[in-house]
Each structure stands twice: as C-alpha cells, then as structure tokens.
There are 2 protein chains.
Amino acid sequence: MSDSVKAISIKAIGIKDVAREAGVSVATVSRVLSNGPVSDALRARVEDAVRATGYRPNLSARRLRSQHSQTIGLIVSDIRNPFFTAVSRAVEDAAFQAGMRVILCNTDENPEREAMYLRLMQEERVTGLIFAPTRATLAQLDRADLDFPVVLIDRSAPAGRFDSVVLDNPQAAALLVDHLHAQGYRRIAGLFGNTSTTAVERHAGYQAALAAHGLHAEARFVPPTAEAAEAEIARWLAEARRSGAMPDAVMVSNSLLLMGVVKATRTLGLAIPGDLAVAGFDNEPWTELVGPGLTVIEQPVHEIGRAAMTLLFERLDDPERATRKVVLSGTCVARGSTGGVSG
Amino acid sequence: MSDSVKAISIKAIGIKDVAREAGVSVATVSRVLSNGPVSDALRARVEDAVRATGYRPNLSARRLRSQHSQTIGLIVSDIRNPFFTAVSRAVEDAAFQAGMRVILCNTDENPEREAMYLRLMQEERVTGLIFAPTRATLAQLDRADLDFPVVLIDRSAPAGRFDSVVLDNPQAAALLVDHLHAQGYRRIAGLFGNTSTTAVERHAGYQAALAAHGLHAEARFVPPTAEAAEAEIARWLAEARRSGAMPDAVMVSNSLLLMGVVKATRTLGLAIPGDLAVAGFDNEPWTELVGPGLTVIEQPVHEIGRAAMTLLFERLDDPERATRKVVLSGTCVARGSTGGVSG
DNA sequence: GCTGTTATTGAAAACGATTACATCAGGCTC
DNA sequence: GAGCCTGATGTAATCGTTTTCAATAACAGC
C-alpha cells in the first residue's frame with residue numbers, strides 16, 4: 001500500500017483527534033462533552049475543535065465504558081395494530097424527552113420470537129423493557145432472570161413480579177353492554193379473540209354485565225383477524241336465522257374483529273343498527289366514518305404508553321419498591337351503530 | 001465495604017468468566033461464539049460453560065471492537081401513518097433475516113428532529129439508513145456528509161446522490177384522474193399536502209392528466225392533517241357554491257386528507273358520490289367500509305420496504321455502483337365513492 | 001513564606017469483547 | 001529425520017470512550 005492510498009482511506013475521527021486539534025487532553029474533551037468542570041477558555045477551544053472536525057461520539061464506546069445503554073426495549077405483537085402504534089409513539093416520546101433511545105420489536109404473537117428478543121434485550125443491556133407478552137410467555141416470565149426492570153402492558157401479570165399497566169377490561173366491556181342495554185337491545189352476542197388475556201377479561205366483563213341485567217350471554221371465540229370474524233359472524237347469523245333467534249346486537253373485543261363484523265353486515269345486506277347493532281373496542285379515526293359511526297370503547301392509548309414509562313422510571317429510581325399495577329379505564333364513545341331498537 | 005457486601009454486589013458475567021469455567025482462553029470462547037475454528041471437544045466444553053453461566057455477550061463491546069453495528073436506521077415522519085407502519089414491518093423483517101437490528105425514529109415532519117436523528121444515526125454508527133425526509137431536509141441532504149449509505153423512500157431525491165424507492169406518483173395520480181374522467185366527472189378538484197415531495201409529484205400528475213383531458217385543474221395545498229383538510233374543503237365548497245362552480249369530484253394526496261374530506265361531506269350533508277365523488281391514496285382496510293367504499297390508489301407498501309432493504313444491501317456490497325431509483329407503480333382500486341355522475 | 005484547600009487538567013486504567021500474532025503439536029514430503 | 005506446512009490455541013493489543021487518580025496552580029489563612 002502506498003502512502004497516498006493510506007491517506008485516502010477514511011479514518012473516522014475520534015475524541016483524540018479533537019483533543020489534538022484543541023491542544024488539550026482527551027479527558028478534557030470528554031468533560032466538555034458531558035458538561036464536566038472545565039474552564040471557559042478550554043471549553044470554547046474544545047467546542048470549536050468539535051465543530052471544526054465534525055466529531056461525533058461513538059455510542060458503543062460510550063455505553064461500554066459508562067455501563068448504561070440509555071436504551072429501552074419495546075416488544076409488542078405487531079406494530080400495525082393501532083393500539084401498539086399509538087403506545088409506541090407515547091413510549092418513544094417519553095424516551096426522547098429522557099434522552100433515551102427505543103428498540104422496537106415485533107413478535108407476531110410468536111413465543112419463539114419473544115424469547116429471541118428477550119435475549120437481544122439482555123445483550124443490548126437495555127435500561128428497561130416494556131413488553132406485551134403472549135399468554136404462553138407470560139406464564140414463563142416469572143422464572144426468567146432478567147437484569148433489567150420490565151413493565152407489562154395490555155396483557156397483565158396474574159400475580160405481580162412485574163409492574164404493569166392495563167385497561168380495566170371487565171369494566172370497559174360492561175360499559176358497552178350497559179350502553180347496549182340502555183338503548184333497548186336484549187339479545188347481545190359477543191365475539192372475542194382467542195389468543196390474548198385481554199379478550200378473556202373482556203369476555204368476563206361482558207358475561208357479568210349481561211347477568212346483572214338478567215340477560216343470556218352468547219359468546220364465541222375466533223382468531224384475532226378480520227377474516228375470521230367475518231366468516232364466523234356470517235355462519236353464526238345464518239344459524240341464528242334458521243333457529244329464529246337472531247341477536248339484535250353484537251359486541252366484539254378488538255378493532256380487527258370489528259372490521260370483520262362490519263364487512264359481514266355488508267355482504268349479508270344487514271343495516272346497522274336497524275338489523276344489527278354493532279359495538280367494539282378502540283376508537284380509531286375511521287370508526288367515526290363507517291356507516292352511522294361505530295360505537296366503541298376508547299382506550300387512553302397515549303396514557304398507557306406514558307404510564308408504562310413512568311412506572312419504568314420509578315422502578316429504576318427505586319428497585320425495591322412494591323410492584324404496582326396501573327389500571328386505566330376506558331370510555332364509551334356512543335355513535336349511530338347502537339342507535340337504539342326504535343331508531 | 002466489608003467482603004460480604006462486595007460478594008453480594010452482582011457482577012455481570014463476561015467472556016472471561018466463561019473462559020475460566022471452561023478452562024480455555026477468552027479467544028477460544030470468542031471463536032466458539034462466532035463459529036471460528038475450534039476443536040469439537042473444546043467447543044462442547046465452551047458451550048456447556050455458556051449454558052452454565054448464562055452468559056450473554058455485550059453488544060456494545062462487540063460493536064466497538066468489530067467496528068460494525070449490525071444496525072440499520074429507519075427515519076419516518078410518523079409511524080402511525082399506515083404507509084410507514086407497513087414499510088417498517090417490511091424493513092424489520094428483512095433486517096431480522098439478515099441478523100440486524102432496526103432503530104426506528106419519528107420526526108413528525110420536523111426538520112430539527114430530522115437533523116437530530118441524523119446525528120444519532122452517526123453516533124450509533126449504523127450500517128445504513130432508510131429515510132423519508134421532508135422537502136427541507138431533502139434539499140440539504142446532498143451537502144451532509146454521512147458515513148453510511150442512505151436509501152430514500154417515499155420522498156425521492158431530485159438528482160441522485162442517493163438510492164431511492166418511490167411510488168410512480170404522477171402515474172398514480174393520473175390513474176385516479178383518468179378513472180374519474182371515465183366515470184363522467186369533469187370538475188375535479190385536488191387537495192394536496194404541503195410538506196412532502198410526494199404531494200408535489202402527485203399534483204403534477206393530476207395537473208397533466210387533467211390537461212390531457214382538456215380539463216381545468218383546481219388544486220389547493222394544506223398541512224397533512226385530517227383537520228386541515230376538513231376545514232379547507234368546507235371553506236372551499238362554500239366559496240364554490242357561492243360562485244356557482246361546485247366541483248363534482250375531489251381527489252386527495254393521502255389518507256389523512258381523505259379522512260378529512262369524508263368528515264367534511266358528513267358535516268355538510270353531502271352524499272358520496274351523488275353530490276361529490278371522492279378518491280384518494282392508500283388502500284387501508286377501512287376505506288372499503290366507509291360510505292359506498294372509497295376509491296383509492298393502492299401502494300405496494302411491503303414491496304417498497306423490501307426494495308429499500310435490497311437497495312441498501314446491494315449498496316453495502318458495492319459502494320461504487322451507480323445510484324438507482326426504483327419506481328413502483330400503484331393500482332387503482334375503484335369503489336362506490338366514484339360511482340359515476342348518473343349513479 | 002509555609003501549609004492546606006480547592007479548582008483544573010492530564011496520564012493512564014478500565015469497560016468487554018474481537019483479532020493479529022506467536023506458539024505449538026502433528027502430519028506430510030523428500 | 002530434517003524441514004515445512006496446517007490447524008488449534010493462547011497472549012496481548014485494540015476499539016473509543018469514561019473515569020480514577022495524581023499533579024499542578026491559585027489562593028487563603030497564619
């Protein structure tokens with residue numbers, strides 16, 4: 001290799017290049033960068049040198065030496081689920097404010113990917129983790145030994161080795177049932193997802209609320225996709241029509257199912273709410289625009305993300321404190337899709 | 001500090017603990033971990049030791065020494081925009097397959113945040129970056145000197161210092177105009193976002209297509225939010241009604257604007273498509289469910305994400321190759337919202 | 001003028017891995 | 001059997017920072 005070639009080879013500039021440029025030691029440069037005690041004169045010289053050289057610190061080196069990653073992990077099932085999309089924004093905003101970075105992982109409800117990403121979190125030495133585990137992983141999580149605090153979201157822990165923040169699912173489902181009942185509906189069908197603990201809790205609330213009104217519960221469970229919901233509802237209504245026991249309303253446990261149900265009413269030519277009232281979860285922007293507007297439970301999505309971060313920071317402050325479970329309640333956004341039996 | 005306290009303090013186990021446990025040198029452990037040349041006997045001993053100690057490599061140290069981060073950056077305006085949500089999944093899947101991690105950043109179309117995240121990417125020493133810049137940043141990007149390859153998505157570069165993958169926006173907009181024209185609409189208004197180059201290109205296609213049909217173009221530009229679109233459309237239609245020049249159709253340049261327009265028709269009591277035909281971009285699941293179904297351009301979102309990663313990997317393979325611009329075309333999904341002047 | 005204290009600064013160790021280089025054993029060729 | 005290669009292993013340098021520790025200077029108190 002000739003010298004000219006060597007000269008051409010780009011060498012990333014490091015802290016010692018800045019130190020040389022400023023005529024100080026690397027320690028001083030480091031102190032300037034981290035607002036340590038440095039005289040004004042040297043500080044100015046160093047800042048000039050940083051600008052002149054275009055120096056950018058190497059985060060890997062910094063993390064290695066200082067032993068904190070300033071990184072928090074966020075593991076969700078699928079970022080395309082609007083609930084998690086919103087939560088991730090809240091988490092990222094909070095992290096940003098605290099000068100931290102976020103690593104986002106999608107598991108597709110696959111326990112193997114969950115395990116792999118948990119390993120990754122260890123290797124990244126994350127400061128903390130916000131996690132929406134599947135039921136399977138949730139059960140094993142107690143045994144795992146992790147070197148960082150974990151806050152569970154959406155899916156809650158049974159006992160409580162971990163902090164968590166969840167919606168009051170039974171209450172929210174009851175809110176929906178009560179609203180339907182108040183509007184005059186008496187045969188209220190329920191369609192629930194079959195993978196998450198969330199759906200289980202919502203089903204429980206649905207059942208309890210119906211019982212309180214002296215009504216009969218008719219629930220079915222399907223994979224959490226619009227297609228599965230559409231097919232199941234079509235089948236269900238066909239059976240019901242034959243047996244002469246058509247429901248006059250249906251509530252579902254998440255927005256994908258809601259979409260499936262609306263689709264089904266279209267292909268079956270059913271009017272909402274005339275032939276069938278519809279209510280569901282997650283107040284996404286489009287629910288206002290569909291048919292007469294869809295009645296939904298609005299989750300405080302941003303609040304959930306923020307609460308998770310707050311819990312995480314408080315835990316970092318005091319690792320010994322008792323674990324807490326923050327339960328936020330949803331609100332019922334009544335729209336035309338549950339317009340009442342007369343209307 | 002007494003010895004007992006010292007013993008209690010948890011010390012993260014490192015590669016040398018594994019080496020001691022297995023009775024080998026740290027180099028051998030490292031080689032086992034990276035599939036280097038090691039005898040089967042020692043390999044087994046080391047693997048046992050790794051299991052026994054629960055060792056997890058420190059990625060910061062690994063990255064510092066080996067000088068590659070195995071990380072790619074993804075900077076978008078807002079992950080809640082379904083287009084970017086879908087792209088991010090595609091990017092993450094491709095990265096995962098290649099054994100790389102993704103750092104996701106939201107800029108909210110704010111150039112300051114873009115600049116800040118670009119700095120972060122440098123500090124993280126990312127292997128490459130996939131970036132959807134605002135117009136402002138795009139203009140300055142040529143001057144920035146970045147130590148990693150960049151692939152632009154959605155918003156394209158004018159000349160070509162960077163690889164990019166974009167939708168054929170003029171063609172897509174023309175597709176929409178042609179469809180509206182074929183359905184009998186002649187006064188076709190256009191509402192476009194005012195921050196991205198995407199909107200500029202779509203506007204150009206809209207105008208050209210109208211001109212080709214001998215029609216007059218009436219376009220307005222608004223901030224890319226549903227609220228802004230709703231307000232502007234309401235104002236616009238009120239003016240038009242006074243002047244007796246009501247458009248019979250309106251096309252918009254993205255899904256947020258589309259939502260705003262639909263909202264406006266509701267509050268104004270306009271029927272779709274009877275009083276006003278509506279067409280837009282992005283075939284999101286809910287567009288099928290709104291009113292008579294909304295006519296939209298479907299972008300190959302997953303393809304776009306994958307193509308961006310492919311471009312990035314090819315660039316890493318050969319830094320000297322000529323830059324390329326991958327242009328994918330959208331398809332027109334015709335629905336009831338453009339049902340025709342008679343129907 | 002001497003000592004003690006405090007504020008700046010620099011030299012060098014440390015963080016936890018990878019990797020260049022040296023070593024060594026064993027098998028091959030002639 | 002000498003010489004040479006090959007493949008496995010260990011030693012130590014290295015990556016780019018932060019941080020500890022010692023050194024120096026300035027200044028107050030006596």
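We name chains A, B, ... by the order of the sequence lines, and we start the count at 1 in each one.
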Practice task
Can you pull out how bent the helix from dG1(C)-dC30(D) to dC30(C)-dG1(D) is, comparing the axes over its first five and last five pairs, to 10°?
Solution key: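 For the helix from dG1(C)-dC30(D) to dC30(C)-dG1(D), the axes at opposite ends meet at about 50°.
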
Tell me: [atom1] of [X] to [atom2] of [N], nearest whole Å?
X: Glu124(A); N: dG16(C); atom1: CD; atom2: P; result: 16 Å
X: Arg20(B); N: dG10(D); atom1: CZ; atom2: P; result: 15 Å
X: Lys16(B); N: dT11(D); atom1: NZ; atom2: P; result: 13 Å
X: Ile15(B); N: dG10(D); atom1: CD1; atom2: C1'; result: 13 Å

Which parts of [range] get close to DNA chain C, meaning a heavy atom less than 4.0 angstrom away?
range: residues 42-49 of chain B; value: none
range: residues 51-72 of chain A; value: Leu64(A), Arg65(A), Gln67(A)
range: residues 24-41 of chain A; value: Val24(A), Ser25(A), Ala27(A), Thr28(A), Arg31(A), Val38(A), Ser39(A)

Practice task
Output yes when a side-chain donor or acceptor of Asp17(A) lies under 3.5 Å from a complementary backbone atom of Gly14(A), and no otherwise.
Solution key: yes

Problem - For Val87(A), the option from Ile153(A), Asn81(A), Val76(A) that meets side-chain contact (heavy atoms from CB on, under 4.5 Å) - result: Ile153(A)

Handout entry: Contact list for residues 54-76 of chain A, test ring-ring contact (aromatic ring centres under 6.0 Å, His included), sequence neighbours left out
Key =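 Passing the test, one end in residues 54-76 of chain A: no pairs.
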
Problem - Pairs satisfying ring-ring contact (aromatic ring centres under 6.0 Å, His included), at least one member in residues 82-110 of chain A, at least two apart - result: Phe96(A)-Tyr117(B)

Among residues at least two apart in sequence or on other chains, which ones pass salt bridge (charged side-chain N to carboxylate O under 4.0 Å, His left out) with [X]?
X: Asp163(B); value: Arg315(B)
X: Arg62(B); value: none
X: Arg143(B); value: none
X: Arg56(B); value: Glu123(A)

Practice task
With the side chain counted from C-beta on, respond yes when Thr127(B) and Arg101(B) share a heavy-atom pair under 4.5 Å apart, and no when they do not.
Solution key: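 In short, these two side chains do not touch, never coming nearer than 4.5 Å.
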
Practice task
Please check if any side-chain donor atom of Glu21(B) sits under 3.5 Å from a side-chain acceptor atom of Thr53(B), or the reverse.
Solution key: no

Exercise for the section: Would you kindly compare Arg125(B) and Gly23(B) by the position of their nearest DNA chain D nucleotide and give the one closer to the 5′ end? Expected result: Gly23(B)

Exercise for the section: Could you list the residues that satisfy side-chain hydrogen bond (donor to acceptor under 3.5 Å, both in side chains) with Asp48(B), not counting sequence neighbours? Expected result: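 Result, side-chain hydrogen bond (donor to acceptor under 3.5 Å, both in side chains) vs Asp48(B): Arg51(B).
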
Practice task
Just jot down the side-chain hydrogen bond (donor to acceptor under 3.5 Å, both in side chains) partners of Arg324(B), sequence neighbours excluded, or say none.
Solution key: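 Arg324(B) satisfies side-chain hydrogen bond (donor to acceptor under 3.5 Å, both in side chains) with Glu314(B) once adjacent residues are dropped.
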
Handout entry: OG-CD1 distance between Ser88(B) and Ile79(B), expressed to the nearest 0.5 angstrom
Key = 3.5 Å

